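Every chain is numbered from 1 and lettered A, B, ... according to where its sequence line falls, protein lines coming before strand lines. Just so it is clear, the model here is predicted, and its values are computed rather than measured. The basis for the numbers below is simple: all heavy atoms, side chains too, and nothing from hydrogens, waters or symmetry mates.
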Amino acid sequence: MRYDFEKIEEKWQKAWKDKDTFKARSEGDKKKFYCLEMFPYPSGRIHMGHVRNYSIGDVIVRFKQMKGFNVLHPMGWDALGLPAENAAIKNKSHPEDWTKSNISYMKEQLKRMGFGYDWEREVATCDPDYYKWNQYIFIKMYERGLVYKKRSEVNWCPSCKTVLANEQVVDGGCWRCDSEVDLKKLEQWFLKITDYADELLASHGDLEKWPGKVLSMQKNWIGKSKGAEVTFRVDGMDREIEIFTTRLDTIFGSTFFAMSVKHPLVKELIADNPEKDKIEKFIKEVEQDSRNNREQAEKRGIFTGKYAVNPFNGEKIPIWLANFVLIEYGSGAIMSVPAHDDRDFEFAKKYNIPIRRVIVKDPKEELPEEVEEVFHDPGYLINSGDYSGLTTEVAVKEMGEVLKEKELGKLTTQFRLRDWGISRQRYWGTPIPMVYCDKCGVVPEKFENLPVKLPREIDFTPGGGSPLEKSDSFKKATCPKCGGEGARETDTMDTFFDSSWYFFRYSGISDSKPFDSEESKAWMPVDLYIGGVEHAILHLIYSRFFTKVFRDLKWTNISEPFPHLLTQGMVTLGGSAMSKSKGNIVDPDELIKKYGADTVRIFILFAAPPEKGLEWSDKGVEGANRFLQRIWNLFHSNIEIIRGDFSLDKEEKSTKDTYIKLNQTIKKVTEDIELSFHLNTAIAAMMEFFNKLSGSIDLIKKENPGLLVYSIEIFLKLLSPFAPHFANELWSEMGKTEILENEGWPIPDEDYLVEKSVNIMIQINGKIRDKISASVDETEENLKKAALDSEKIKQYIEGKEIVKVIFIKNRMLSFVIK
RNA sequence: GCCGGGGUGGCGGAAUAGGCAGACGCACGGGACUUAAAAUCCCGGGAGGGCGACCUCGUGGGGGUUCGAUUCCCCCCCCCGGCACCA
């Protein structure tokens, strides 16, 4: 008979709800465990990635709960953002309605999967009670000088009609719709994440439980490089240009100077150049090029007619405009050292600029005059005046001191990381709580006026500016400072703002603060954070930034929100991530309907270890179902014994191997969940045990029925985090009254973990030639005797000399012969 | 180019303080049950050779260390992810 998963799953979901099984409690002196999976965007329905992510989390949570932890396992919705607006425009509805109906549908789906959450802590970022605190945090950051407004060139997505953060531009395209990104000059609000760049990188040392991959991605993103700022005077002009270099030691080799066409001084430099028109044409071309051409273009440049003066040797070097110098990095100008930099070398070759070698590996080495190859490594300085002969390292130090002394620059550090532009010209986001007053300037909204609510009735079709611009009632505001008439900021926040602190909110929901610091202190940090590797940079770096700001605001005493990160691999179909736009979605609903939640959970967890990518295939889902069904069948065909009153006989010879296997399985499953999260091998171990049990069922029934009862008990406990409804059903059929979630996690019987006899392999010259069954801990002496008695071994050893014997207890005996 | 992760049967994947490669599952083949099928149960399987006991080869390729290497060292190839005229 097939088990009726529908009935069973509904029954136990109701039981968990009625018993508040997953309500976070702070009881006794139990340790806390805060397990969090990245909250979903309510796009409509959950997808396989969610199923995988939340199944992993749920196993850990149920395991920890049985292990005796106070567990916090909340869930919520990352509910603001563009898709809601786009969908609403398409269906002529409202983003709020679309979002809320999606939330309620998806919530049912999560419940249907049997995931154990504390729904009392649910948050939805579109709720004014939530985004109120976005606004509050924004103002607090403003007060700390971490928020500023700047007119700047920003990434503009012409299709989404909004600004994108640097992090949201992928290969020159919009991260969401892949349209080519334009540059646009706009007044934008920025968060000074760069103030924390150094710390964000330095505290990587505290994140030893993060995947190396994520750390390296963040490291790349922050892009710290040590070097020096040096000021070059422009010859014949009262102007100076600052450069950044990581190779101050090569400064005597600088034979030209290069700057970005967008450098603010360019206009002035070429003002009196007779070939000004030609240069301006060049500038236009380069600007055009950098927009259209995502690939690395051929190096091009043009001489400005001016010279820069090298502060170290007074040498005048030509100032060029070059397409390979980026305005976004450093100061947008560089000293070029062709002998020691590939780009400079290529450029110098093309434009016949002298190439001067200033660093060598060995000062005694005779080198040709002509520099044929760029030398990158550190070494000894030559052709460098008083510095010649010094090592790279010493030269940088000494030159740095000279710079400082003469006020010509300093040793410094550059970051690739830019400040985070958070202004968005769209409707469905948190209004930025600022008021413009003619008298007082820009003023943050008063606390008592928060939240600044999104008006519901509004034309939110995107245009050039923010849709909120069109609402007079929204725009109209009273200046919080002087009480005069003011105008509200109409841009909304990047939704990454919302998700940068939601985990704090869960840890201490409060009406009067973003989160209750006291309660939060008891729960934070998140002990295990599980989510897709696609959030490795954006979300995770922003969340770390917010946490450090909260610490500095004394709202928390932790510096890192997620000491332990588990990044699950993406679920792909046809090689790419499932997404609506690509139309390669697999809807879990169908599988759940056909097989039930327990089967789906086992199946997705068994398919691969969590951190690996998973190319979707439903081959094998039958196998997961079959596994449960086999347990069901064995259970029910032996129900009398299982319900009976039998005691376990550990020492019964005929079944001792099963008892040992059971204990080994407890150990393996526990370690797989706790240490490596390799839930696939945990399931495999359970299957292995079940195969063993069902293979010797007749013997066990006859000789040791107590072992069957005991095995089933333990087995159901081990299975319960994976297939919780199923396990609970059988558990209750055994006559147990407590639910499994409130039972303790089994502990292996240490005296029964090792088999009493083992196979010893006998090797000759490294090749296995025989196997001998022996009791555990058999001595080398005895095994050697037995091996030498073996016919198989004899034929190899006959007439040869035994040079050496290697023995590893309980494993092998190896003869080296000649 | 730099950084990170990989490469194991037909497939998903096991196993590395060096010691029986391929656990577990899928798919496949054979058998039992059945009038038949489905379901279920049992058996089989890396490749090649041999009737067989067995033998040889085999964890991307090449070299090395070792009695013994999927595991350690050196060189190379390929795949995936990230960053990238970053000065």
Please report the distance separating the [atom1] of [N] from the corresponding atom of [M], rounded so that it comes out in whole Å.
N: G63(B); M: G48(B); atom1: C1'; value: 26 Å
N: C2(B); M: G13(B); atom1: C1'; value: 32 Å
N: G60(B); M: G7(B); atom1: P; value: 7 Å
N: U16(B); M: G81(B); atom1: P; value: 29 Å
N: A27(B); M: C41(B); atom1: P; value: 13 Å
N: G61(B); M: C54(B); atom1: P; value: 29 Å
N: G9(B); M: A23(B); atom1: C1'; value: 14 Å
N: A47(B); M: G10(B); atom1: P; value: 8 Å

Check the distance between [N]'s [atom2] and [X]'s [atom1] and give it to me in whole angstrom.
X: E622(A); N: C28(B); atom1: CD; atom2: P; value: 11 Å
X: R2(A); N: A38(B); atom1: CZ; atom2: C1'; value: 11 Å
X: I768(A); N: C67(B); atom1: CD1; atom2: C1'; value: 13 Å
X: I808(A); N: A69(B); atom1: CD1; atom2: P; value: 13 Å
X: M686(A); N: A23(B); atom1: CE; atom2: C1'; value: 15 Å

Which is it for G49(B), anti or syn, if anything within 90° of zero counts as syn?
anti
Establish, with yes or no, whether the OP1 or OP2 oxygen of [N] is under 4.0 angstrom from a side-chain nitrogen or oxygen of [X].
X: Y796(A); N: C55(B); value: yes
X: R626(A); N: A39(B); value: no
X: S814(A); N: G19(B); value: no

Determine, using ring centers only, whether W420(A) and F496(A) are less than 6.0 Å apart.
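No, the ring centres sit 6.0 Å or more apart.
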Any donor-acceptor pair under 3.5 Å between the side chain of [X] and the base of [N]?
X: K299(A); N: C85(B); result: yes
X: E611(A); N: G5(B); result: no
X: K804(A); N: C67(B); result: no

Please work out which of the three classes, parallel, tilted or perpendicular, describes the rings of H539(A) and H535(A), given edges at 30° and 60°.
perpendicular
Result of checking F324(A), F256(A), Y329(A) against I334(A) for side-chain contact (heavy atoms from CB on, under 4.5 Å)
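In the set F324(A), F256(A), Y329(A), the residue that makes a side-chain contact (heavy atoms from CB on, under 4.5 Å) with I334(A) is F324(A).
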By nearest nucleotide on RNA chain B, pick out whichever of A333(A) and D672(A) is the more 5' one.
D672(A)
Nearest nucleotide by nearest heavy atom, which residue falls closer to the 5' end of RNA chain B, I683(A) or R630(A)?
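The answer here is I683(A).
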Tell me the partner of C2(B), counting only Watson-Crick (N1-N3 plus N6-O4 or O6-N4) or G-U wobble (N1-O2 and O6-N3) with both under 3.5 Å; none if nothing fits.
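WC or wobble partner is G82(B).
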For Q763(A), which contact category applies under a 4.0 Å heavy-atom criterion: base, sugar-phosphate, or nothing?
base
Looking for any heavy atom pair under 4.0 Å, which part of the strands does R416(A) touch: base, sugar-phosphate only, or nothing?
base
Considering only side-chain heavy atoms of K612(A), which listed nucleotide, C67(B), A23(B), G13(B), is closest?
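Looking only at heavy atoms from C-beta outward on K612(A), the closest nucleotide is G13(B).
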Salt-bridge present (K794(A), E791(A); N to O < 4.0 Å)
yes
Is K410(A) atom NZ crowded by more than 12 heavy atoms from other residues, nucleotides or ligands, each under 6.0 Å away?
no
Does K767(A) NZ have over 12 foreign heavy atoms under 6.0 Å away?
no
